[in-house]
Amino acid sequence: MNAAPRTTRRTLWVAIRAMVIFTLLLGIAYPLALTGIGQLAFPWQANGSLRANATGEVVGSAHLGQQFLTESGEPDPQFFQPRPSAAGDGYDGAASSGSNLGPENPDLVAAIAERRAAVARFNGVTESEVPADAVTASSSGLDPHISADYAAVQISRVADARGLDRSEVQNLVRAHTQAPDLGFLGESRVNVLELNLALEQLRR
């Protein structure tokens, strides 16, 4: 008569002990161990890969895209510009996402046409010279990179706005162009924040 209650109590006690043990191991010890390893072995990456300007002010993360605007909120011609973003109001790390619109969606087609015209006008090039990543957002909306082609389109505009030789800016872009991973995965790309920080160092 008493076997069933004893079995139930024993099963409940085993379940409680297992929950406590695995909570301590997987909920506390494991995260703390990984955090400690990250802080010791990869402190810069573990703390957000933050980048600072010449005065020591943190201006962004090397892994998150951001806009470079004038005080009036317009794209600053003195800086290289990123690709569009559909994350929240744009480059919102708390709302990472793409547009989720298909390639034939009329709203997306219209937005791309509008962006292409704006990018061409801003950089003084023809619309046929505007690469795809200049007018389309990445799937995360936070991509910190642009293609080497989009960087090349912006060289003349940045050089003229800063009063620099175009060859000087071109060399800077070349120095910050990353090759495809393993030499064949993806395309050549440029980290916009890294490039703009290096640009700020010219002629200081």
Side-chain angles (χ1 to χ4, degrees), residues 42-45 47-87 90-93 112 115-204:
F42 309 101
W44 183 67
Q45 293 89 337
N47 289 293
S49 303
L50 302 179
R51 290 302 315 269
N53 59 19
T55 64
E57 177 188 5
V58 173
V59 293
S61 168
H63 297 303
L64 295 177
Q66 66 181 74
Q67 293 177 298
F68 296 86
L69 307 175
T70 63
E71 293 183 359
S72 62
E74 298 296 321
D76 194 332
Q78 296 191 57
F79 290 97
F80 285 85
Q81 296 297 320
R83 64 188 303 177
S85 171
Y91 311 96
D92 184 355
I112 288 176
R115 291 169 185 164
R116 180 176 289 110
V119 170
R121 184 169 56 251
F122 185 57
N123 291 286
V125 298
T126 64
E127 292 190 19
S128 63
E129 295 177 88
V130 177
D133 65 307
V135 296
T136 55
S138 65
S139 58
S140 70
L142 303 173
D143 190 349
H145 299 96
I146 57 175
S147 66
D149 289 339
Y150 188 24
V153 164
Q154 303 185 62
I155 288 174
S156 293
R157 184 252 303 160
V158 171
D160 292 345
R162 288 180 173 268
L164 298 170
D165 292 335
R166 295 183 185 182
S167 60
E168 192 173 11
V169 179
Q170 187 174 34
N171 290 337
L172 195 66
V173 170
R174 187 179 297 112
H176 285 80
T177 298
Q178 299 170 258
D181 294 332
L182 301 179
F184 66 93
L185 294 176
E187 299 181 358
S188 297
R189 61 200 183 277
V190 180
N191 186 296
V192 181
L193 176 60
E194 300 280 3
L195 177 58
N196 282 335
L197 286 173
L199 190 63
E200 287 282 83
Q201 295 299 315
L202 289 180
R203 297 187 180 178
R204 280 188 175 275

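All figures in this text were calculated on a predicted structure; none of them were measured in a lab.
Counting only distance, with no hydrogens or angles, the side chain of D76 and the backbone of Q78 share a donor-acceptor pair below 3.5 Å. Under a 3.5 Å cut-off, the side chain of S61 and the backbone N or O of G48 do form a donor-acceptor pair. Not one N or O on the side chain of D181 forms a donor-acceptor pair closer than 3.5 Å with the backbone of G186. Formation of a donor-acceptor pair under 3.5 Å by the R83 side chain with backbone atoms of G141 is not found in this model.
Between P82 and Q66 the shortest heavy-atom distance is CG-O, 3.1 Å. The shortest heavy-atom contact between F80 and F68 is O-CD1, 3.7 Å. Scanning both residues, A86 and A137, for their nearest heavy atoms gives N-CB, 3.8 Å. Among all heavy-atom pairs drawn from R115 and V135, the shortest one is NH1-O, 2.8 Å. Looking at every heavy atom in both residues, A148 comes nearest to T177 through CB-CG2, 4.2 Å. Scanning both residues, Q81 and Q154, for their nearest heavy atoms gives N-OE1, 2.6 Å.
Between V190 and Y150 the shortest side-chain heavy-atom distance does not fall below 4.5 Å. Residues V130 and V153 are not in side-chain contact: their nearest non-hydrogen atoms beyond the backbone lie 4.5 Å or more apart. Looking only at side-chain heavy atoms (C-beta outward), H145 and E194 stay at 4.5 Å or farther from each other. Between D160 and R166 the shortest side-chain heavy-atom distance falls below 4.5 Å.
Between the CD atom of Q178 and the NE2 atom of H176 there is a distance of 9.5 Å, given to the nearest 0.5 Å. With values rounded to the nearest 0.5 angstrom, L142 atom CG is found 8.0 Å from D92 atom CG. If you take CD1 on I146 and CZ on R189, they are separated by 12.5 Å, rounding to the nearest 0.5 Å. To the nearest 0.5 angstrom, Y91 atom OH is 9.5 Å from D143 atom CG. Atom CZ of R51 and atom CG of L64 lie 13.5 Å apart (nearest 0.5 Å). Atom-to-atom distance recorded for L199:CG and L193:CG is 12.0 Å, nearest 0.5 angstrom.
Taking the six-membered ring where the residue is Trp, W44 and H63 present tilted rings, their angle falling between 30° and 60°.
Counting only N and O atoms by type, the side chains of D149 and S147 include no donor and acceptor under 3.5 Å apart.
Other residues, nucleotides and ligands contribute only 12 or fewer heavy atoms inside 6.0 Å of the CD atom of E187.
When each of V158, I155, L202 is checked for a side-chain contact (heavy atoms from CB on, under 4.5 Å) with L164, only L202 meets the rule.
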